[in-house]
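Residue numbers start from 1 in every chain, and the chains themselves are labelled A, B, ... in the order their sequence lines are given, proteins ahead of strands. Predicted, not measured: the structure shown is a model, and the values here were computed from it.
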2 protein chains.
Amino acid sequence: MKPKAPTMADVAAAAGVSTMTVSRALKPDTSVSEKTRTKIQEAADALGYVLDSSAANLSSRKTGFVAVTIPSINNSNFADTLRGIVDTLRGTDLQVLLGYTDYSKDEEERLIEQFLRRRPEAIVVTGGAHTERCRRLIGNSGVPVVETWDLPEMPLGDVVGFSNAAAGRLMVEHFIEQGYGKIGFIGGDTSRDTRGLDRRRGFVAALEANGLAADRLVATGPPPITMREGALSMRRMLDRWPDTEAVMCVSDQAAFGAMTEAQRAGLKVPQDIAVAGFGADALSEHAIPAITTVDVSCEEIGVRTATVLLRALGLAEGTLAPESKVTPRLIARDSTTNAARRSS
Amino acid sequence: MKPKAPTMADVAAAAGVSTMTVSRALKPDTSVSEKTRTKIQEAADALGYVLDSSAANLSSRKTGFVAVTIPSINNSNFADTLRGIVDTLRGTDLQVLLGYTDYSKDEEERLIEQFLRRRPEAIVVTGGAHTERCRRLIGNSGVPVVETWDLPEMPLGDVVGFSNAAAGRLMVEHFIEQGYGKIGFIGGDTSRDTRGLDRRRGFVAALEANGLAADRLVATGPPPITMREGALSMRRMLDRWPDTEAVMCVSDQAAFGAMTEAQRAGLKVPQDIAVAGFGADALSEHAIPAITTVDVSCEEIGVRTATVLLRALGLAEGTLAPESKVTPRLIARDSTTNAARRSS
DNA sequence: TTGAAAGCGGTACCAT
DNA sequence: ATGGTACCGCTTTCAA
């Protein structure tokens, strides 16, 4: 039935050389004469030989794995970061081992534990909040770590992230600048999405610093926070505080759901109510009106993360670690701007 | 510096037992007395021992990997399928090894080749189009395969998919039913996105079968086809065929981009032009107007795929293979319906 | 440039 | 319920 896959020994026998020579011939940059290399290549092809990494890994103590955990697969922001990582790693012999935590620290711990058995050469996690055991596991492993999308107070290792609180603050400042006074927030209520919570914290703090009320907070429930949650939350916001003038949402998806819900209720955006998001998703750019958002360079985070790792692993040079802090940047669009309001 | 990770032998020594007993104690369902198991567990914890899968894999000839390739990370449809797979596999000791092909058969071949070295226990690919070498590699490996999102003429193994042509046809029938005559298509021009191409083929064939002109085809260029491409394509469509009455787009993302572009140009949807998509993304539901689309149960595809695999691997019972064919289902919404047109 | 031998860290298999 | 032993398929190391 399954006639047992050929091994290096089979190739060696067929080519009339030792397994060591086969091993060398199959990698680049090793001293093997052109003639024997060709002979070995042909023998390997004829047998349909495929190298067994499991054995190679065990012997060489190198797996070529980079373990990466992200909260959710269906989130274009994290997907962008992941793409940055994968694309930067392409060309090296490093491969991503991906897991998603569903925003749960316990699930993250479970994943990390599973991943550590695979002996990854590096670990990338999203955010700085982990279970105590998870921190210990990573610490004991001695594997280089990068925490992304956050600026942890107690970093495990390298960090490539941004201040989520600053993102919230940025939006408040924008709202105030545009003359809004009754300002609300949608999302970020549970301890699961700690980054969303941080954005809300920064948002609330900035309102208070400006002497504004910070009570219009609608909890969306546990993540993922999709358009549906955004829509439901907007309905609750309008029910409870009908005179709300501006709302920031924890994500662009939520903002779109919230905005369309307001529009369906007959409100004009931004004339009757302003709506803003977070993440600079393409959606916010194409929506009508275009949605004001905060750009945190998701893909760039991934690229830098991979670069940091390559340096940590000695696979790339670099005198200094790249700047690890990404600066959130507000993108003002029609959904919150006075110009759009006046032109109505 | 890095004092070499403890091995099973270290744990065995510390607990005063043999490595075999340690090996058994660390897995469930093996005959080890409660007392020694506790003792071993404590020794392992004290040492910070973490099992080395590489060694276990080599010895047991089981890696616990399922190799999965999808065209793109940033595509919520594929992400849904992936989620279906991962969630179904959770609880088993199978782990997904993910790669994205960027819609390229050559990249797929490269990935599959890389993955095969890891000795996956199963392979999942998107679509039925592969390079000849890729087909051979998979065939030689003897690893169970599932092709998804398509109904290949020459299947490599199991299939969990749907007819992309049928999806295109479905939309044409809907358009005709709603009284549209000048109908166009956006997307699916390159050989890279073979499934998008199939949808267009089915679309064109259905138009012709109904005696309608099938020349309003706008090529978006190579995938990924995002909102931006949808918008640009709509502009081209309107420039070239200003009297177009209805447009199907290759994806909901493209449809949203196309629709908003039309709206920005001052057109009303569906009064002036109807727009439809594909994939039943949340976006199509929340957009204003809501966008008519085709639901192909992306997540369900993933769930079934994983179920098929579990059976193939003997990890789940099941008398028969589950129905492998998913039926595309049209979801009619305001963006294309007469009711919405009349009510204007 | 090539080869021989000794593991890498587990598990299968057979005893006890 | 527990242990001994022979590998799994490759790379490291040292020698030729």
Nearest-nucleotide comparison on DNA chain D, the residue closer to the 5′ end among A/Tyr49 and B/Arg37: B/Arg37
Where at least one partner belongs to residues 39-77 of chain A, residue pairs that pass ring pair (Phe, Tyr, Trp, His ring centres under 6.0 Å), sequence neighbours excluded: A/Phe65-B/Phe65
Residue mapping more 5' on DNA chain D - nearest nucleotide basis, B/Glu34 or A/Val50: B/Glu34
Residues that A/Val96 engages under side chain to side chain contact (heavy atoms under 4.5 Å, CB included), provided they are two or more places apart: A/Val68, A/Leu82, A/Ile85, A/Val86, A/Leu89, A/Leu98
Side chain to side chain contact (heavy atoms under 4.5 Å, CB included) partners for A/Ala56, two or more places apart: none
Short side-chain N/O contact from B/Thr21 to OP1 or OP2 of D/dG3, under 4.0 Å: yes
Salt bridge (charged side-chain N to carboxylate O under 4.0 Å, His left out) partners for B/Glu42, two or more places apart: none
For atom NZ of B/Lys39 and atom P of D/dA1, their distance in whole Å: 15 Å
Contacts of B/Ala13 that satisfy side chain to side chain contact (heavy atoms under 4.5 Å, CB included) - sequence neighbours left out: none
Contacts of type salt bridge (charged side-chain N to carboxylate O under 4.0 Å, His left out), residue A/Glu299, not counting sequence neighbours: A/Arg83
Within residues 52-62 of chain A, residues whose heavy atoms come under 4.0 Å of DNA chain C: A/Leu58, A/Ser59, A/Arg61
Boundaries of the chain A footprint along DNA chain C (any atom under 4.0 Å from a heavy atom): C/dT1 to C/dG9
Length of the CE-C1' vector between B/Met20 and D/dG3, whole Å: 9 Å
All pairs passing ring pair (Phe, Tyr, Trp, His ring centres under 6.0 Å) where residues 119-158 of chain A contributes a residue, at least two apart: A/Phe78-A/Trp149, A/Trp149-A/Phe162
Side-chain touch B/Met8/B/Ser23, heavy atoms, less than 4.5 angstrom: yes
Residues forming a salt bridge (charged side-chain N to carboxylate O under 4.0 Å, His left out) with A/Asp52, sequence neighbours excluded: B/Arg119
Under 4.0 angstrom between B/Thr36 side-chain N/O and D/dT2 OP1 or OP2: yes
For nucleotides 14-16 of chain D, which of its nitrogen or oxygen atoms have a protein nitrogen or oxygen under 3.5 Å away, and what is each distance?
none

Salt bridge (charged side-chain N to carboxylate O under 4.0 Å, His left out) partners for A/Asp102, two or more places apart: A/Arg192
Side chain to side chain contact (heavy atoms under 4.5 Å, CB included) between B/Arg195 and B/Thr126, worked out: CA-CA 10 Å; B/Arg195 287 164 299 285; B/Thr126 308; 3.9 Å; yes
